Enquirer: 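Here it is, the structure in full.
Since this is a predicted model, take the numbers as computed values, not measurements. Convention: sequence-line order gives letters A, B, ...; per-chain numbering from 1.
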Protein chains: 2
Amino acid sequence: MVESPERNAPLSASREDYLADIYRIQAVGQSVNTGEVAQRLGVSAASTSAMFKRLAQEGLVHYESYNGVWLTKNGERAASHIVRRHRVIERFLTDMLGIGWERVDEFANRMEHAFPDEVVEAIERLLGDPDTCPHGYPIPGLDGETAALAGLPAETLAAGDHAVIRRVDETDPELLLHLRERGLMPGKAIAVVAVNQVDGTRTLRTGDGTLVVGQRIARSLFVDRVVDDA
Amino acid sequence: MVESPERNAPLSASREDYLADIYRIQAVGQSVNTGEVAQRLGVSAASTSAMFKRLAQEGLVHYESYNGVWLTKNGERAASHIVRRHRVIERFLTDMLGIGWERVDEFANRMEHAFPDEVVEAIERLLGDPDTCPHGYPIPGLDGETAALAGLPAETLAAGDHAVIRRVDETDPELLLHLRERGLMPGKAIAVVAVNQVDGTRTLRTGDGTLVVGQRIARSLFVDRVVDDA
DNA sequence: CAGATGAGTTAGACAAGACTAATTGCGCGA
DNA sequence: TCGCGCAATTAGTCTTGTCTAACTCATCTG
Ligand SMILES: [Mn+2]
Ligand SMILES: [Mn+2]
Ligand SMILES: [Mn+2]
Ligand SMILES: [Mn+2]
């Protein structure tokens with residue numbers, strides 16, 4: 001049985017990025033194949049294949065050739081730790097430094113590998129132990145436990161529905177900027193005024209007014225429906 | 001004329017560490033030779049030699065074989081930038097997160113390579129544009145300008161002298177912890193009660209009381225004398 | 001002014017992680 | 001069931017930064 005040579009040696013930044021990405025793909029219930037990870041990390045499929053092999057050898061993932069990977073218990077612990085750092089840092093950047101939420105993912109992606117755990121914990125305390133990143137994704141606990149992803153796509157809402165935004169797709173800075181300018185952020189209450197069946201656009205009312213959104217946005221907002229008692 | 005292939009490409013973490021160290025050695029007026037840098041970075045002399053050659057080729061240092069390096073204008077600009085990041089991060093860690101000053105150098109050494117300039121600037125504003133790191137070393141400006149190192153060794157003080165601590169040797173965590181426990185930090189006023197000529201110990205009075213320090217400490221505290229007008 | 005000594009440089013190897021090109025295997029459609 | 005197309009893997013390089021061992025050069029001593 002070949003195990004990792006150094007028990008508990010710190011993971012390289014590369015390994016951390018692969019693991020975190022595998023974790024995030026698993027979190028939405030997708031299977032984790034070479035191409036998906038390669039594309040998300042902006043790396044060749046060959047590099048990803050090689051890394052899968054390494055991670056498997058170190059006991060961090062299970063790997064079935066031609067069939068993708070999934071995290072082992074150890075891998076999940078490590079990955080949740082990294083995702084935790086990432087999301088706390090995002091919170092720090094938006095809440096304390098006032099940096100726009102459309103840029104913090106990229107920044108946190110660089111910074112996440114360099115923060116000692118102790119620093120992450122101090123920031124967390126200072127921020128009052130937030131539950132989620134600015135985009136609404138849950139911050140894993142120190143024990144590795146993570147809440148389920150909140151919300152269903154706003155696409156599933158019908159005319160007359162009331163809902164609260166819980167989470168937004170965080171992959172596209174352009175989209176995030178767009179959403180921020182319109183106040184479509186976690187915590188915001190929305191009501192669906194109308195659904196245009198022809199082109200799929202929706203008319204929404206928020207506290208700030210009325211706006212029309214297309215499918216792209218309706219698929220990127222994850223909401224909890226609210227039963228109307230008015 | 002062989003120049004750096006990529007104009008303004010970001011520097012690798014390794015290059016940043018070498019440059020920052022060269023900068024710090026130059027700042028105290030020492031000449032920068034292979035062995036000194038190798039020792040400070042915990043790296044072999046061969047590696048340092050190789051890096052000197054690369055940095056020279058990229059126009060960041062002047063290099064005379066067997067005779068050390070010194071920063072070019074470009075190299076100084078780059079180095080001051082890194083040192084700036086390092087010292088701002090140290091301030092952040094001590095002032096906002098409450099981490100002991102004996103550990104922030106090590107932490108900042110990891111973190112300094114991952115902070116976008118914009119984040120450093122936001123932190124700086126939030127802290128009220130501090131002039132120095134927690135150990136009293138000046139934070140270079142965005143323009144690359146850096147104040148001179150403040151203070152002279154407390155060793156130069158005679159009995160009866162009054163002084164203010166401006167800066168402390170920041171290389172040894174043990175020493176820093178020791179100093180902190182005794183309140184010997186930048187800004188603190190001290191008076192020399194007595195100097196023992198036999199063993200070089202000094203009796204100091206601070207706001208908190210009286211204490212005796214040996215040469216090791218007297219050489220690690222950098223002070224400005226204060227003319228007594230009592 | 002000739003060695004010895006030690007710092008500095010060169011030579012050669014290695015590890016991590018990336019790439020491109022070539023190959024292999026899975027699964028689907030005819 | 002055969003083969004085709006595409007995804008994944010393997011093969012072979014490259015770059016960066018490190019190491020140890022062998023050397024070479026500057027300098028200090030006698
Ligand atoms: Mn990352
Ligand atoms: Mn996020
Ligand atoms: Mn560093
Ligand atoms: Mn400092």
Enquirer: I'd like to check the side-chain contact (heavy atoms from CB on, under 4.5 Å) partners of A:Asn67; sequence neighbours left out, ordered by chain and number.
Expert: A:Glu64

Enquirer: Which residues in residues 45-54 of chain A have at least one heavy atom lying under 4.0 Å from any atom of DNA chain C?
Expert: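 Nucleic-acid contacts, sorted: A:Ala46, A:Ser47, A:Arg54.
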
Enquirer: Closest approach of A:Arg167 and A:Ala150, non-hydrogen atoms and distance?
Expert: NE-O, 2.8 Å

Enquirer: Mind checking what makes side chain to side chain donor-acceptor pair (under 3.5 Å) contact with B:Tyr23, not counting sequence neighbours?
Expert: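 Only B:Thr146 meet the side chain to side chain donor-acceptor pair (under 3.5 Å) criterion with B:Tyr23.
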
Enquirer: Just call it for B:Ser44: base, sugar-phosphate, or nothing, with non-hydrogen atoms closer than 4.0 Å on any strand.
Expert: base

Enquirer: Contact list please: residues 106-116 of chain A against DNA chain C, heavy atoms, distance less than 4.0 Å, in numerical order.
Expert: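 Those residues whose heavy atoms fall under 4.0 Å from DNA chain C, taken from residues 106-116 of chain A, amount to none.
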
Enquirer: Classify the angle between the aromatic ring planes of A:Phe52 and A:Tyr63 as parallel (below 30°), tilted (30 to 60°) or perpendicular (above 60°).
Expert: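 A:Phe52 vs A:Tyr63 ring planes: perpendicular.
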
Enquirer: How many Å lie between CG on A:Leu41 and C1' on C:dA16, as a whole number?
Expert: 16 Å

Enquirer: One character per nucleotide, please: for nucleotides 23-29 of chain C, 5' to 3', B when the base has a protein heavy atom closer than 4.0 Å, S when only the sugar-phosphate does, - otherwise.
Expert: -BS----

Enquirer: Less than 4.5 Å apart, any side-chain heavy atom of B:Leu19 and any of B:Val61?
Expert: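 Side chain of B:Leu19 against side chain of B:Val61, heavy atoms only: contact under 4.5 Å found.
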
Enquirer: A:Tyr137: what forms a ring-ring contact (aromatic ring centres under 6.0 Å, His included) with it, not counting sequence neighbours?
Expert: none

Enquirer: For ring pair (Phe, Tyr, Trp, His ring centres under 6.0 Å), just list the numbers for A:Phe92 and B:Phe92, CA-CA rounded to whole Å, side-chain angles, deciding distance to a tenth of an Å, and then say yes or no.
Expert: CA-CA 12 Å; A:Phe92 161 66; B:Phe92 162 65; 5.3 Å; yes

Enquirer: Which residues satisfy the side chain to side chain donor-acceptor pair (under 3.5 Å) test with B:Arg91, sequence neighbours excluded?
Expert: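 Testing B:Arg91 for side chain to side chain donor-acceptor pair (under 3.5 Å), a comparison that skips the adjacent residues, returns B:Asp95.
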
Enquirer: Whole Å only: how far is the OH atom of B:Tyr63 from the P atom of C:dA7?
Expert: 16 Å

Enquirer: So, using side chain to side chain donor-acceptor pair (under 3.5 Å) as the criterion, who are the partners of A:Glu90 when residues are at least two apart?
Expert: A:His86, A:His135

Enquirer: Within residues 17-36 of chain A, which residues have any heavy atom lying less than 4.0 Å from an atom of DNA chain C?
Expert: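 Those residues are A:Tyr18.
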
Enquirer: Among B:Val168, B:Leu176, B:Leu179, find the residue that satisfies the side chain to side chain contact (heavy atoms under 4.5 Å, CB included) test when tested with B:Leu184.
Expert: B:Leu179

Enquirer: Would you say C:dG17 has OP1 or OP2 under 4.0 Å from some side-chain N or O of A:Arg15?
Expert: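 For C:dG17, OP1/OP2 do have a side-chain N/O of A:Arg15 under 4.0 Å.
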
Enquirer: Identify each donor-acceptor pair in which a side-chain atom of residues 24-39 of chain A lies under 3.5 Å from a protein atom, sequence neighbours left out, and give them as a table.
Expert:
{"residue": "A:Gln26", "atom": "OE1", "partner": "A:Leu71", "partner atom": "N", "Å": "2.8"}

Enquirer: Could you tell me which residues satisfy side chain to side chain donor-acceptor pair (under 3.5 Å) with A:His113, sequence neighbours excluded, listed by chain and number?
Expert: A:Glu16, A:Asp17

Enquirer: Show which side-chain atoms of residues 118-130 of chain B pair as donor or acceptor with protein atoms under 3.5 Å away, not counting sequence neighbours.
Expert:
{"residue": "B:Glu118", "atom": "OE1", "partner": "A:Arg103", "partner atom": "NH1", "Å": "2.9"}
{"residue": "B:Glu118", "atom": "OE1", "partner": "A:Arg103", "partner atom": "NH2", "Å": "2.7"}
{"residue": "B:Glu118", "atom": "OE2", "partner": "A:Arg103", "partner atom": "NH1", "Å": "2.8"}
{"residue": "B:Glu124", "atom": "OE1", "partner": "B:Arg84", "partner atom": "NH1", "Å": "3.4"}
{"residue": "B:Glu124", "atom": "OE1", "partner": "B:Arg84", "partner atom": "NH2", "Å": "2.8"}
{"residue": "B:Glu124", "atom": "OE2", "partner": "B:Arg84", "partner atom": "NH1", "Å": "3.0"}

